[in-house]
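Letters A, B, ... are given to chains in the order of the sequence lines, protein chains preceding strands, and every chain is numbered from 1.
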Number of protein chains: 2
Amino acid sequence: MKPKKVTLSSIATELQVSKTLVSLVLNGKADALAINKLTQQKVLDKARELNYKPNQVARGLRMGQTKTLGLLVADISNPFYARITRTIEHEAEKAGYSLIVCSSDESKEREIRLLKTLLNRQVDGIIMTTTLHDPKILQQLLPHRFPLVLVDRSLAGFESNFVGVDNAISAENAINHLIEIGHKNIGFLTLTPDYISSLSERKAGYLHALERHSIAVNNNYILQLDYLKIKNKDYSQLYQFLLDYPEITAVFSANNNLAVACLSIAKTLGRKIPKDLSLITFDDVELFEYTAPSVSSIAQPLEIIGQKSLQILLQQLKNDNFTLQKEILSTQLNLRESSCGIK
Amino acid sequence: MKPKKVTLSSIATELQVSKTLVSLVLNGKADALAINKLTQQKVLDKARELNYKPNQVARGLRMGQTKTLGLLVADISNPFYARITRTIEHEAEKAGYSLIVCSSDESKEREIRLLKTLLNRQVDGIIMTTTLHDPKILQQLLPHRFPLVLVDRSLAGFESNFVGVDNAISAENAINHLIEIGHKNIGFLTLTPDYISSLSERKAGYLHALERHSIAVNNNYILQLDYLKIKNKDYSQLYQFLLDYPEITAVFSANNNLAVACLSIAKTLGRKIPKDLSLITFDDVELFEYTAPSVSSIAQPLEIIGQKSLQILLQQLKNDNFTLQKEILSTQLNLRESSCGIK
DNA sequence: ATAGTTTACTAAATCGTTTTAGTTTTGTTG
DNA sequence: CAACAAAACTAAAACGATTTAGTAAACTAT
């Protein structure tokens with residue numbers, strides 16, 4: 001009753017030849033090995049007739065490569081990662097690779113567990129945004145020289161490929177702009193954990209800009225919000241922050257979720273953006289162009305990030321003596337209505 | 001130099017026992033088979049010492065199940081699919097499954113190719129939003145009774161599990177609302193290919209609402225846009241449409257991308273929403289609450305869609321004599337600024 | 001006629017597991 | 001002290017491919 005499986009052996013048996021022969025023909029190695037053209041055709045025909053499809057699992061086991069890559073991001077539902085994923089998936093498909101996708105939710109434990117799963121599944125390489133702080137954990141988890149590309153976030157003390165943007169410079173530019181149009185009391189919104197390289201670099205850019213303009217840093221103006229609370233739209237901390245420091249005239253938000261939080265809070269708090277509060281955020285989202293007000297943002301080149309990540313990974317998979325690559329891309333500051341001058 | 005692989009045999013050899021024993025112990029089948037507690041401990045210890053990780057590929061081959069599922073959506077970068085994906089991935093992980101994700105880009109050829117890839121990779125089941133029109137193609141491609149859940153879009157003539165929403169009713173409700181607040185000339189925006197069940201049901205809902213209110217259908221008011229053009233932000237057709245039919249006072253958009261197109265066009269065309277043109281769209285996006293104007297939309301229960309899809313798939317994987325399940329969920333109409341009364 | 005080459009093919013090992021069908025040793029019972 | 005059961009373990013097959021190391025026959029050259 002069940003449709004019995006079509007394997008190499010099925011074909012071999014039906015044609016009264018060896019599995020070797022069938023495998024050779026189907027892999028295009030027949031000519032090099034002087035297999036009779038007629039026999040070749042017979043095999044090809046039979047394979048088509050039986051609708052033979054090679055079992056990639058068996059193949060993976062034998063060949064030691066699964067043609068599968070792992071993509072481990074913080075949150076696949078965040079448009080930032082979703083768009084990178086799309087590019088990576090498309091490029092991977094072109095190169096004959098499939099993609100196992102997983103989200104760590106910014107949880108170390110989850111990340112470690114998922115990473116182990118990916119490795120047990122024998123993925124050929126991994127692209128990931130790490131949430132980890134300690135390079136030793138990764139060193140221990142990953143085999144030596146395992147093909148890996150860190151994207152968006154690097155990890156100090158851990159040598160690996162990397163693709164990301166110039167976070168510090170980008171943030172600094174944005175803050176410079178805010179200062180130039182008259183803002184002095186500028187808030188900085190970030191997430192816990194803030195040791196994540198991209199976030200800490202953005203903070204460094206913020207601090208550096210203030211320093212360059214001889215503006216004293218007020219640590220109270222730096223607000224670190226809990227990732228899960230933000231994800232669950234619990235904006236109470238931010239609410240309180242804006243109430244506590246009405247003298248803040250501009251905020252810089254370290255990612256797109258925080259910008260949404262600002263829009264939401266501004267609406268309920270009646271603190272008008274940009275009249276009462278200017279806003280610039282890291283990460284551009286399609287709809288930031290159409291929000292009220294439209295949101296000034298730092299756009300990362302998502303397609304290029306995806307392409308580069310995959311490209312580097314594939315290079316390492318091909319080359320045995322491959323040297324690690326780091327790619328730092330530039331961003332674009334899109335000024336819109338949410339940030340405006342003061343006085 | 002290379003870190004040699006740790007396999008069952010490594011452990012077996014080091015401990016001078018058989019692979020069988022090691023496998024039994026590591027799979028918790030030792031007690032049932034009366035393996036000495038002491039030996040068990042030795043195996044466990046050695047496994048830990050060598051940091052043994054079972055090769056899931058070998059396991060998959062032997063056991064005939066890979067503990068991997070395929071998720072084939074139209075476009076992973078669309079927040080609608082991204083959010084469903086997130087839920088499915090999380091639930092799958094809980095159940096010990098990994099997820100291979102791919103996007104068809106609404107292309108039949110791509111969908112077929114990706115589907116074949118998933119099957120060759122021996123995924124245990126598939127969740128997909130199909131772009132296909134012809135049930136025979138799927139019937140031919142998939143083994144009989146292959147665990148599959150169609151999500152968002154059903155396929156007439158193809159018996160399978162399904163999870164989606166009551167598209168016709170939802171659309172009809174929205175149109176009813178527009179009519180009740182005074183609109184008569186209501187445009188309907190959809191995408192090619194429009195045989196996709198969710199889109200055609202939404203259209204049916206639109207038509208039905210007009211009929212119920214004795215409003216004659218004007219086919220010119222129904223605009224079908226090319227998916228790829230919209231994706232590439234080529235809104236020229238829509239632009240022309242709105243110019244050609246200035247008498248249209250409200251449009252219903254069949255998905256979120258089209259709503260964005262409307263926002264964009266309205267901005268450049270100076271046709272103010274909702275003063276000159278009301279808008280309600282299918283699919284809610286987080287930022288629709290903060291756009292100018294905020295967008296009235298039909299929100300699908302994304303989490304539930306994801307959960308149900310996976311739940312049904314897992315049930316079929318478990319149960320051998322499983323009957324197909326169909327789950328039609330309700331939506332929620334979120335009225336915001338973009339739709340308002342007339343006269 | 002013989003050695004060497006080319007053509008055309010195949011048996012068997014291998015990848016790393018799980019599982020079937022045992023075997024051997026020890027212990028218990030009538 | 002047989003007979004039998006229980007305890008403790010193992011050899012080998014299996015999953016479905018690839019690949020190594022062949023073999024046999026036909027042809028070519030000397």
Side chain of [X] only, heavy atoms from C-beta on: which candidate in [options] is closest?
X: A:K29; options: C:dT17, C:dT10, D:dT19; value: D:dT19
X: A:T20; options: C:dT18, C:dA12, D:dG16; value: C:dA12
X: A:N36; options: C:dT18, D:dT18, C:dC9; value: C:dC9
X: A:T7; options: D:dA11, C:dG16, D:dA17; value: D:dA17
X: A:L24; options: C:dT17, D:dT19, C:dC9; value: D:dT19
X: B:R59; options: C:dT17, C:dT19, D:dA8; value: C:dT17

Subject >> Side-chain N or O of B:S18 closer than 4.0 Å to phosphate OP1/OP2 of D:dC9 >> reply: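 The answer is no; no side-chain N or O of B:S18 sits under 4.0 Å from OP1 or OP2.
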Original post:
Between B:R62 (CZ) and D:dA17 (C1'), how many Å, whole number?
Top reply: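 Rounded to whole Å, this separation is 16 Å.
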**OP:** Go through the N and O atoms of the side chain of B:S9 and the base of C:dT17, and report whether any donor-acceptor pair is under 3.5 Å.
**Re:** no
Please output the side-chain donor-acceptor pairs of residues 55-62 of chain B that fall under 3.5 Å, not counting sequence neighbours, one pair per line with the distance.
{"unit_1": "B:N55", "atom_1": "OD1", "unit_2": "B:V57", "atom_2": "N", "d": "2.7"}
{"unit_1": "B:N55", "atom_1": "OD1", "unit_2": "B:A58", "atom_2": "N", "d": "3.1"}
{"unit_1": "B:R59", "atom_1": "NH2", "unit_2": "B:N27", "atom_2": "OD1", "d": "2.8"}

Subject >> A:K326 NZ: over 12 foreign heavy atoms closer than 6.0 Å >> reply: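 Counting neighbours around NZ of A:K326, more than 12 heavy atoms of other residues, nucleotides or ligands fall under 6.0 Å, so yes.
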Subject >> Salt bridge present between B:D105 and B:K231 (N-O < 4.0 angstrom) >> reply: no
